[in-house]
Structure formats: C-alpha cells, structure tokens
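Working notes for the structure below.
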Amino acid sequence: MILDEIALTFVRKLGSKGVAHLIDLYKNAERIYSEPEFRLIICAELRDDIVAQILHKEGYANAERELKYCEENGIKAIASNDPDYPQRLREIPDRPHILYYMGDITALSSPHVLSIVGTRSISAYGETVCARFITELAQLFPDLVVVSGLAFGVDAAVHHAALAAGIRTVGVVANKLPDITPSQHRKLAKDIIEHGGAIITEISSQTKQNGAFYIPRNRIIAGVADGLFVVESPANGGSLSTVKAADAYSRTIMAVPGRVTDARSEGTNHLIKTNIAQLVTSPRDIAEALGWEIVGAMPEKMHYEPREANSKESAVLELLADDSDGLSLEAIANKTGMSVSETSAVLLNMELSGVVRQLPGKIYVIC
C-alpha cells in the first residue's frame, strides 16, 4: 500500500539510498515493516536506531498526514516499485522512493525523454537554441518529452518551446506541491499539466524548506532522461551539478558551444573541451548521440504546411500588420504580454511556417 511506502521515507536518517537499498532487498515496504528485528539488523544491515523506528512504525503518522494533504490539494504519490514509476529513474541508486506529482507521470515513460538545463541568465542565442532544437526534435520524434527545472532562463525557455511545439514537458521542482517556485511560473506549470505533462517533486509537505534541495532535485532531472543537453552554463553554474549526476548515472551528456567571450558559455565550452559533453550543433547530433533511430531522412530544411494561426500567433500578426518596419523580439514580447522565451518560440513556429521572417537585428516582419 502507498501508506507503507510513504511511511518508509519518514524514517529518520535512512535517506534515499537507504530506502532504495531496502526496497531492492524486500521489494515493498509492507514486507520491511513485518520483518523481525534480527533480520533487519543482520540481513538489511541497518543501525539499531533505524530498526527501532521501523519496529515502532514511527513513520505511519506522518504518512497518514501526507496522504490527507495530497488528497486535499490534488496531488498524487507514486512509489518506486509501482509499474508507472519512471523506469529510467528507477535505475539510479539514490532514486527518490516517493514522487509527488500533478499531471501525468506516465509522460516520463515515453521512448524519447531528454533533459535540458542551463543558466538562469539566458541569452537570445540560448533562447534560439532551445526553440529550434526542440521544434525540430519534435518533428522527428512526436512522442518526445523534455524535462527541466521550471526555473527562470533556460528552464522556462525549454518548457515554453515544448508547449509551442505541441509536445509534453515535465518540470522537476525543489519544493512541496502544489506550490510553484518561482511563483511567476504558476501559469506555466498549469499549461504544462493541461497539455499532458507533469510537475514532480520528492519533497513532502512536511519537509522544512531551507533552499538546500536544488542539488538533490538536479539528480532527478538527470535520472529521468536518456540524456542531458546543456544549452548555456557559466563556469560555476548550478547546471553543472546536474551534469555531475548525469555522468554518475552513465547518461549521455551533450552541450551546444557558445561564444568564447560570453561568460554564460564558459561552463558548456569547458564541458566540450574536457570531453565530458559531446558537442552538438543540430537535432540530428542529439538523436545520434542518444541512439534514437530517425525514421526516414531528415530534410535539410523542415517544411511546414500552412495552418490556421493560434491566438498567440494572431496577436503577433496584428502587431506586425500595424508596423511595416517590423518589430524586435523584445517589443513583441512587451506588447503581447508574453515572456521573451515564449515569444521566441511562437515566432520560430511562424518563421518556419513562412508567415514571418527575421531581418538583421532580430526584427520581424510579415512575409
């Protein structure tokens, strides 16, 4: 039962690796709680204080409170021994035994899952990379799911580009649900869920928030995917902890090169230089690095059939129709109320569809 599984995570000083070790031995928490003391000490090699907690079922009161909280807030919980638990994540030795989520957790069971991370101080170059790579990968692999951390910068650009491309995306957060951090991304989180994705965390409602959960969160981002793609990262960027985890889990690590004069690309350029990350310059490079089979030939230039504009594209068209000289990306974002990254993704789709074109200086006009 899920109550038993959640209770196990409330055993003090056991930790993710300790819980994973017990589940590997006993398969489920119910068997662990029914095990005699001497076997927990000898076979499971647990310390006396941890065994005492298990024998007295000290985690059950917290587990009952957690289940009630989940029910009241529309949150679901899944254990690592559940068939719907993300298979890739189940492989890592320090997997979170319980994931709390909103949305569809089975998105992470797609045959093609890619995690994308990078700096919070994203450049226009980084936004373009996110939009173009995700859009073209989605054309090659319609079941593609992209994962990121729902933070500012690259994370937000990734989620917006996925939504614009019509594929599912998953945000991994370092806080309890249904809270969304940063709060500015509540609408983005809602859109992710409504379009078949999910928001997930290992943090329970009873966990004290102290800002120390971002690095542990990053191991989940690394573990749920086939590979990790780093778009932009400074020399000491937080994304490098995700890279470290991905390397430990034998995940394929890829990075797009940046200008040598841009501090936002020092980290990614170093990853490539030291052979930690494979250099990629196209979606085909990512597919080949991950061993994803491309069915049919990939055209040199993607072709898109004419289609009816959606509401966001219509808003952009109205603006451009009133300004024959064209508008910059930033101006369009300000006038429509969309973020720069979301506007970039919308404009990319319109450009690929032959509706608008980009002039020097990132000025957009109607074709």
Side-chain H-bond candidate by donor/acceptor type, S239 with T242, under 3.5 Å: no

Is it the case that atom CG in L55 sees more than 12 heavy atoms from other parts of the structure closer than 6.0 Å? yes

Taking all non-hydrogen atoms of both residues, which atom of L140 and which atom of P283 are closest, and how far apart? CD1-CB, 4.5 Å

Just verifying a value: how many Å separate I92 CD1 and K17 NZ, rounded to the nearest 0.5 Å? 10.0 Å

Students often mix this up, so state it plainly: with edges at 30° and 60°, are the rings of H112 and F141 parallel, tilted or perpendicular? tilted

Hey, what do you get for CG (L25) to SG (C43), rounding to the nearest 0.5 Å? 8.5 Å

Close side-chain approach of E30 and M1, heavy atoms under 4.5 Å: no

Using the rule given for side-chain contact (heavy atoms from CB on, under 4.5 Å), can you reason through Y100 versus I78, listing the C-alpha separation, both sets of side-chain angles and the distance that settles it, and then say yes or no? CA-CA 7 Å; Y100 300 98; I78 189 170; over 6 Å; no

Does one side chain, of S265 or N269, offer a donor that lies under 3.5 Å from an acceptor on the other? no

Do the side chains of V316 and M350 get nearer than 4.5 Å, heavy atoms only? yes

So, for A162 and V146, which heavy atoms are closest and what is the spacing to 0.1 Å? CB-CG2, 3.4 Å

Y101 vs V172 side-chain heavy atoms within contact, under 4.5 Å: no

Heavy-atom distance under 4.5 Å between the side chains of V154 and V117, does that happen here? no

Here the gap from E66 atom CD to I98 atom CD1, rounded to the nearest 0.5 Å, amounts to 9.5 Å

Are more than 12 heavy atoms, taken from residues, nucleotides or ligands other than D49, located less than 6.0 Å from that residue's CG atom? yes

Near E293 CD, under 6.0 Å, is it more than 12 heavy atoms from other residues, nucleotides or ligands? no

So do the side chains of K68 and R65 get within less than 4.5 Å of each other, counting heavy atoms only? no

As a quick check of understanding, evaluate side-chain hydrogen bond (donor to acceptor under 3.5 Å, both in side chains) for D94 and Y249, giving each step before the final call. CA-CA 10 Å; D94 55 348; Y249 304 149; 2.7 Å; yes

Would you find more than 12 non-hydrogen atoms of other residues, nucleotides or ligands less than 6.0 Å from R259 atom CZ? no

Below 4.5 Å, heavy atoms only, C-beta onward: do V365 and L320 meet side chain to side chain? no

Decide whether M102 and I192 are clustered together by the hydrophobic rule: side chain heavy atoms of Ile, Leu, Val, Met, Phe, Trp, Tyr closer than 4.5 Å, transitively. yes

Side chains of T9 and H97: is there a donor and an acceptor less than 3.5 Å apart? no

Interatomic spacing from CZ in F133 to CG in L114 - rounded to 0.5 Å: 10.5 Å

Salt bridge between K187 and D191, side-chain N to carboxylate O under 4.0 Å? yes

Can you list the steps and then say if D179 with K176 is a salt bridge (Lys or Arg N to Asp or Glu O under 4.0 Å)? CA-CA 6 Å; D179 297 348; K176 68 179 177 69; 2.9 Å; yes

Transitively linked via ILVMFWY side-chain contacts under 4.5 Å: V173 with I75? yes

Applying salt bridge (Lys or Arg N to Asp or Glu O under 4.0 Å), run through R95 and D24 and close with a yes or a no. CA-CA 11 Å; R95 62 187 178 271; D24 287 342; 2.8 Å; yes

S123 and E232: CA distance, side-chain angles, deciding distance, side-chain hydrogen bond (donor to acceptor under 3.5 Å, both in side chains) verdict: CA-CA 8 Å; S123 69; E232 286 183 312; 2.6 Å; yes

A107 versus V145, closest heavy-atom pair with distance: O-CG2, 3.3 Å

Between T119 and S121, is the side-chain hydrogen bond (donor to acceptor under 3.5 Å, both in side chains) condition met? List the steps. CA-CA 5 Å; T119 180; S121 179; 4.9 Å; no

If hydrophobic clusters are built from ILVMFWY residues whose side chains come within less than 4.5 Å, do L89 and L177 share one? no

Any donor-acceptor N/O pair, S344 side chain to V340 backbone, under 3.5 Å: no

Under a single-linkage definition using a 4.5 Å side-chain heavy-atom cutoff for Ile, Leu, Val, Met, Phe, Trp and Tyr, are I286 and I253 assigned to the same hydrophobic cluster? no

Check step by step if side-chain hydrogen bond (donor to acceptor under 3.5 Å, both in side chains) holds for S314 and S311. CA-CA 5 Å; S314 296; S311 59; over 6 Å; no

Assigning hydrophobic clusters by single linkage (Ile, Leu, Val, Met, Phe, Trp, Tyr; side-chain heavy-atom cutoff under 4.5 Å), is I221 placed with V113? yes

Do D104 and R168 sit within salt-bridge range, that is, some charged N less than 4.0 Å from a carboxylate O? yes

Does NE2 in H21 sit with more than 12 non-hydrogen atoms of other residues, nucleotides or ligands closer than 6.0 Å? yes

Under 4.0 Å between a side-chain nitrogen and a carboxylate oxygen: does that hold for E58 and R12? yes

Under a 4.5 Å cut-off applied to non-hydrogen side-chain atoms, are L40 and Y26 in contact? yes

Please check if atom CD in E71 has more than 12 non-hydrogen atoms from other residues, nucleotides or ligands closer than 6.0 Å. no

Applying side-chain contact (heavy atoms from CB on, under 4.5 Å) to T169 and V147, what does each step give before you reach the verdict? CA-CA 6 Å; T169 181; V147 180; over 6 Å; no

Before you tell me yes or no, could you show the steps for T201 and F213 under side-chain contact (heavy atoms from CB on, under 4.5 Å), namely the whole-Å CA-CA distance, both residues' side-chain angles and the distance that decides it to 0.1 Å? CA-CA 10 Å; T201 186; F213 300 110; over 6 Å; no

At their closest point, which heavy atom of I167 faces which heavy atom of P142, and how far apart are they? CG2-O, 4.0 Å

Hey, is the main chain of A225 close enough, under 3.5 Å, to the side chain of R251 for a donor-acceptor pair? yes

Can you list the steps and then say if R219 with E202 is a salt bridge (Lys or Arg N to Asp or Glu O under 4.0 Å)? CA-CA 11 Å; R219 85 188 193 285; E202 66 176 321; 2.6 Å; yes

Could you grab the distance from atom OH of Y85 to atom CD of E5, nearest 0.5 Å is fine? 11.5 Å

Residues T336, L319; criterion side-chain contact (heavy atoms from CB on, under 4.5 Å); working and verdict: CA-CA 9 Å; T336 60; L319 288 174; 3.4 Å; yes

Is D226 salt-bridged to R88, cutoff N-O under 4.0 Å? yes

4.5 Å side-chain heavy-atom contact, I32 and I23: yes

Which value, rounded to the nearest 0.5 Å, describes the distance between T252 atom OG1 and E288 atom CD? 12.5 Å

Taking the six-membered ring for Trp, are Y60 and F10 ring centroids under 6.0 Å apart? no

Using a strict threshold of under 4.0 Å (side-chain N to carboxylate O), is an ion pair present between K273 and E266? no

Of L290, T268, V230, which meets side chain to side chain contact (heavy atoms under 4.5 Å, CB included) against M254? L290

Do the side-chain N and O atoms of D84 and T106 include a donor-acceptor pair separated by under 3.5 angstrom? no

